[in-house]
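Before any comments, here is the structure.
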2 protein chains.
Amino acid sequence: MRSEAPTIQDVARVAGVSTATVSRALTSPGRVSERTRDLVLEAVETTGYVANEMARNLRRQRANSICVIAPELSNPFFSNIISGIEQICKPQGYGVFVTESSSTDEEKAGLINMMASARVDGFIVLDGNLDHSMLKTRGPSGRPVPIVSACEWRNGSLAPSVTVDNVGGAMQAVKHLAALGHTKIGHISGPEENVLTAARMQGYKKGLDSSGLAYREDYVLRGEFSLESGQRAAEHWLKMPDRPTAIFCASDREAFGFISQVSKNGVQVPRDVSVIGFDNIEVSGFFVPALTTVSQPRVEIGRVAAKMLFDLIQENEHHTMENPQLDVSLVIRESTAPPAKQA
Amino acid sequence: MRSEAPTIQDVARVAGVSTATVSRALTSPGRVSERTRDLVLEAVETTGYVANEMARNLRRQRANSICVIAPELSNPFFSNIISGIEQICKPQGYGVFVTESSSTDEEKAGLINMMASARVDGFIVLDGNLDHSMLKTRGPSGRPVPIVSACEWRNGSLAPSVTVDNVGGAMQAVKHLAALGHTKIGHISGPEENVLTAARMQGYKKGLDSSGLAYREDYVLRGEFSLESGQRAAEHWLKMPDRPTAIFCASDREAFGFISQVSKNGVQVPRDVSVIGFDNIEVSGFFVPALTTVSQPRVEIGRVAAKMLFDLIQENEHHTMENPQLDVSLVIRESTAPPAKQA
DNA sequence: CTAGTGCATGTAATCGATTACAAATGGGCT
DNA sequence: AGCCCATTTGTAATCGATTACATGCACTAG
């Protein structure tokens with residue numbers, strides 16, 4: 001057991017060949033004779049050699065890793081996407097860095113630095129609000145470092161994106177409520193500046209419209225996707241003189257917050273108010289009541305995004321696939337029901 | 001706008017100094033004259049130079065990144081820990097790789113490879129079942145690559161670990177139930193081979209014991225921490241001739257699965273059965289009913305683990321702090337109540 | 001006046017791989 | 001035999017930084 005890790009030099013010495021031959025035997029086995037290959041492989045075995053990635057990457061001018069930028073790592077919604085990304089990257093030998101999007105300028109500089117410093121070959125951005133000024137930054141090759149957006153996207157950005165049919169999903173949700181007989185359908189929105197907020201709001205309006213219902217400004221409660229914001233919206237709802245009998249929430253977590261809070265005030269779901277979410281996070285099927293929601297293929301989103309990024313990295317920006325939009329599906333469970341008969 | 005990224009050579013040329021001076025001006029400013037430093041900084045500015053991490057890392061023999069190995073990335077429990085880890089790493093300029101623990105041998109080899117190939121300076125392992133044979137692997141320096149375990153740990157492992165007081169937490173939970181007047185207290189355990197399962201089981205028994213209650217084998221239902229396993233346990237519970245009136249679950253998700261399933265069968269929590277969880281994941285406070293649970297400081301666990309790992313990486317294995325054990329706290333909410341009066 | 005000290009800087013080796021280019025070998029074909 | 005080409009291997013340059021060592025200079029003390 002030597003104290004230094006074996007290098008390609010050691011393998012070459014043991015095998016009695018040059019380092020070039022060792023490198024070839026390992027990375028393009030077809031280019032050496034069978035005898036030599038065996039010799040090298042045996043030497044690798046006896047020395048316990050593993051190629052040093054830093055040296056390889058320096059020479060090859062790539063990092064063999066990508067970076068995922070999420071608004072908040074702790075949100076389970078994003079972890080599923082990251083899981084999908086990792087599923088694609090691992091078999092390719094790519095490492096996956098994760099980082100939270102940065103609010104301060106200093107941190108943002110850190111990101112740009114990461115980009116320019118040859119540490120990663122590409123980015124997957126899950127935060128639609130991230131300033132894409134870094135798009136202009138170039139990697140060591142002089143080319144811009146490829147970026148793909150997933151879930152959220154940025155209007156006017158050059159980066160390709162993989163998204164889901166937010167408008168269609170929201171529309172389906174509203175139509176479901178209308179079909180149950182609801183005429184007073186409210187909406188808890190997402191945070192103001194978010195692209196998903198806008199898309200789901202649009203779907204909400206379209207759903208209302210296609211069901212022959214009028215849009216009422218006062219039926220839209222502002223949320224932030226979070227549990228707490230759903231709770232706050234519930235407080236507001238409880239005080240409304242003419243309450244909606246059904247609520248389409250822009251996220252499952254808002255729905256949980258809402259249900260939790262109204263339950264504490266003796267309101268029962270779905271008897272007194274129907275609630276529908278968006279996302280279908282894992283716990284949704286186990287909530288009490290089980291949540292009717294619009295299901296997003298989160299893992300698949302990650303997988304598709306990773307594949308797109310690899311296309312960009314490898315195929316060098318031709319093969320520009322269309323921005324894929326994945327389907328969502330309405331999962332009907334127990335938080336929606338026909339409205340109670342009016343007294 | 002040149003097509004190649006600027007290198008230290010370019011900066012040196014523009015500033016009219018040698019590359020050594022540029023390097024010194026940037027990494028140890030005190031070692032160059034003020035005049036030269038300004039010259040270099042100005043040249044950096046005009047060229048837009050950012051140091052190439054691969055080259056730097058190769059020379060310095062470190063990777064400037066660590067790797068987190070989690071059983072499943074999609075589990076929100078782990079994402080909080082990862083968030084804590086990232087909070088510590090980012091300011092230090094360290095990148096955080098994440099990966100799911102590997103079941104197949106092939107994938108495991110990939111991990112060992114990562115370790116030996118100088119891609120990371122250390123590991124944080126969140127999976128107690130991960131085979132630590134890789135512990136024996138050495139990095140490029142010849143020293144073993146530092147590892148710290150977090151949350152879960154491995155019996156007999158050399159790796160330091162940061163954990164929480166699982167036994168104490170479980171004991172508190174059971175005592176709380178006993179204090180409410182419950183005498184028939186059941187337990188939904190974790191997966192068989194898991195260290196947390198054993199610890200929480202031990203706490204369960206101690207809690208029973210210190211409350212003067214006897215341990216009953218048939219009151220222990222097997223779970224796997226998951227929502228589904230809680231649901232299955234509920235099915236079992238419903239069929240029991242002599243049901244426990246309170247259940248201590250080894251995880252919040254088990255508790256949700258349990259409550260969800262019994263609710264569907266007309267059983268009310270906490271009126272008919274009290275339920276207490278373990279973890280205090282985000283949604284717990286918003287469940288219906290809000291879940292009484294043992295709260296773990298997940299983000300803090302990540303932060304402490306990351307700090308420990310840095311100590312190991314930098315201080316070169318002296319300064320072996322004790323394995324810290326963080327406190328948990330019982331959060332009493334609405335899923336626990338005194339038992340219903342027996343008929 | 002000279003040796004010694006310390007500072008600022010430059011020269012060149014170095015990290016460990018990949019790969020362009022060169023050289024050697026052998027086989028097939030005319 | 002002579003030529004060409006393919007195959008296999010070796011030599012050495014290269015990726016872009018850091019850093020050991022050498023150099024030159026100014027200043028001080030003896």
Side-chain angles (χ1 to χ4, degrees), chain A residues 2 4-40 43-44 47-64 93 113 116-119 121 138-142, chain B residues 2 4-40 43-44 47-64 93 113 116-119 121 138-142:
Chain A
R2 295 220 325 297
E4 293 291 310
T7 72
I8 202 172
Q9 312 277 351
D10 300 314
V11 179
R13 190 171 339 98
V14 171
V17 298
S18 72
T19 61
T21 301
V22 174
S23 177
R24 281 190 285 253
L26 295 176
T27 61
S28 37
R31 294 176 34 108
V32 299
S33 72
E34 196 178 336
R35 210 185 87 81
T36 311
R37 187 163 57 240
D38 292 344
L39 232 45
V40 170
V44 167
T47 53
Y49 169 74
V50 177
N52 181 310
E53 282 282 333
M54 309 261 94
R56 166 176 296 176
N57 291 344
L58 172 60
R59 175 65 222 232
R60 290 223 181 126
Q61 297 281 67
R62 56 174 173 60
N64 242 314
N113 184 67
S117 68
R119 280 182 82 152
D121 299 320
R138 280 146 198 282
S141 66
Chain B
R2 292 221 326 296
E4 294 290 312
T7 73
I8 201 172
Q9 313 277 351
D10 299 315
V11 179
R13 192 172 338 102
V14 171
V17 298
S18 72
T19 61
T21 300
V22 175
S23 177
R24 280 189 286 252
L26 294 176
T27 61
S28 37
R31 294 176 34 105
V32 298
S33 72
E34 194 177 337
R35 209 185 88 81
T36 310
R37 186 163 59 240
D38 291 345
L39 234 43
V40 170
V44 166
T47 53
Y49 169 74
V50 177
N52 182 311
E53 282 282 333
M54 311 260 94
R56 166 177 296 177
N57 291 344
L58 172 61
R59 176 64 222 235
R60 290 225 181 124
Q61 298 281 68
R62 57 175 174 61
N64 242 315
N113 184 67
S117 67
R119 280 182 81 154
D121 299 320
R138 280 146 198 283
S141 67

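In what follows, every heavy atom counts, from backbone to side chain, and hydrogens, waters and symmetry copies are set aside. Just so we're on the same page: letters track the sequence lines, and every chain starts at 1.
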* Shortest non-hydrogen contact from A/A118 to B/N52? -> CB-ND2, 3.7 Å
* d(CZ, B/R119; C1', C/dG16) in whole Å -> 16 Å
* With distance as the sole test, does A/R37 use its side chain to make a donor-acceptor pair with the main-chain N or O of A/P29 at under 3.5 Å? -> yes
* For B/T36, what residues pass the side-chain hydrogen bond (donor to acceptor under 3.5 Å, both in side chains) criterion, not counting sequence neighbours? -> B/S33
* Would you name the heavy atoms of A/T47 and A/P6 that are closest together and state the gap between them? => O-CG, 3.3 Å
* Has the side chain of A/R56 got a donor or acceptor that lies under 3.5 Å from a partner of the other kind on the base of C/dT18? -> no
* To do: Could you tell me which residues satisfy side chain to side chain contact (heavy atoms under 4.5 Å, CB included) with B/R56, sequence neighbours excluded, listed by chain and number?
  => B/T27, B/A51, B/E53, B/R60
* Between A/N52 (CG) and C/dT14 (C1'), how many Å, whole number? -> 13 Å
* Asked: How close or far is atom P of C/dG16 from atom CG of A/D10, stated in whole angstroms?
  -> 9 Å
* For residues B/M54 and A/N57, report the shortest heavy-atom separation together with the two atoms involved. => SD-CB, 3.2 Å
* Compute the angle between the rotation axes at the two ends of the helix from C/dC1-D/dG30 to C/dT30-D/dA1, each taken over five pairs, rounded to 10 degrees. => 60°
Exercise answer: donor-acceptor pairs, residues 12-20 of chain B side-chain atoms, under 3.5 Å, sequence neighbours excluded:
from  : atom 1 : to    : atom 2 : distance (Å)
B/R13 : NH2    : B/D10 : OD1    : 3.0
B/S18 : OG     : B/A20 : N      : 3.4
B/S18 : OG     : B/T21 : N      : 3.3
B/S18 : OG     : B/T21 : OG1    : 3.2

* Whole-Å gap separating P (C/dA17) and CG (A/N64) -> 15 Å
* Asked: Among C/dG10, C/dT18, C/dG16, which is the nearest nucleotide to the side chain of A/S23?
  -> C/dT18
* DNA chain D: A/G16 or B/M54, which has the more 5' nearest nucleotide? -> A/G16
* Results of side chain to side chain contact (heavy atoms under 4.5 Å, CB included) for A/V44 - residues two or more places apart only -> A/V11, A/L26, A/V40, A/Y49
* Output yes when at least one side-chain N/O atom of A/Q61 is less than 4.0 Å from OP1 or OP2 of D/dG16, else no. => yes
Identify all pairs in which a protein N or O lies below 3.5 Å from an N or O of nucleotides 5-9 of chain D, and state each distance.
from  : atom 1 : to    : atom 2 : distance (Å)
D/dT9 : OP1    : A/S33 : OG     : 3.1
D/dT9 : OP1    : A/T36 : OG1    : 2.2
D/dT9 : OP2    : A/S33 : N      : 3.0
D/dT9 : OP2    : A/T36 : OG1    : 3.2

* Asked: For B/L58 and D/dA17, what is the distance between atoms CG and P respectively, to the nearest whole Å?
  -> 12 Å
* Asked: Looking only at side-chain N and O atoms, does A/Y49 come under 4.0 Å of OP1 or OP2 in C/dG16?
  -> no
* Structure fact -> A/I8 CD1 to C/dT19 P, in whole Å, measures 11 Å
* Just how far, in rounded Å, is P of D/dA17 from CZ of A/R59? -> 16 Å
* B/A20 side-chain proximity, nearest of D/dT19, D/dA12, C/dG16 -> D/dT19
* To do: Tell me what A/A51 touches on the nucleic acid: a base, only sugar-phosphate, or nothing, going by heavy atoms under 4.0 Å.
  => sugar-phosphate
* Asked: Is the distance from OP1 or OP2 of C/dT18 to the nearest side-chain N or O of A/R60 less than 4.0 Å?
  -> yes
* **A/V22 vs B/T19, nearer the 5' end of DNA chain C by closest nucleotide** => B/T19
* Nucleotide C/dT14, atom P - distance to CZ of B/R62 in whole Å -> 21 Å
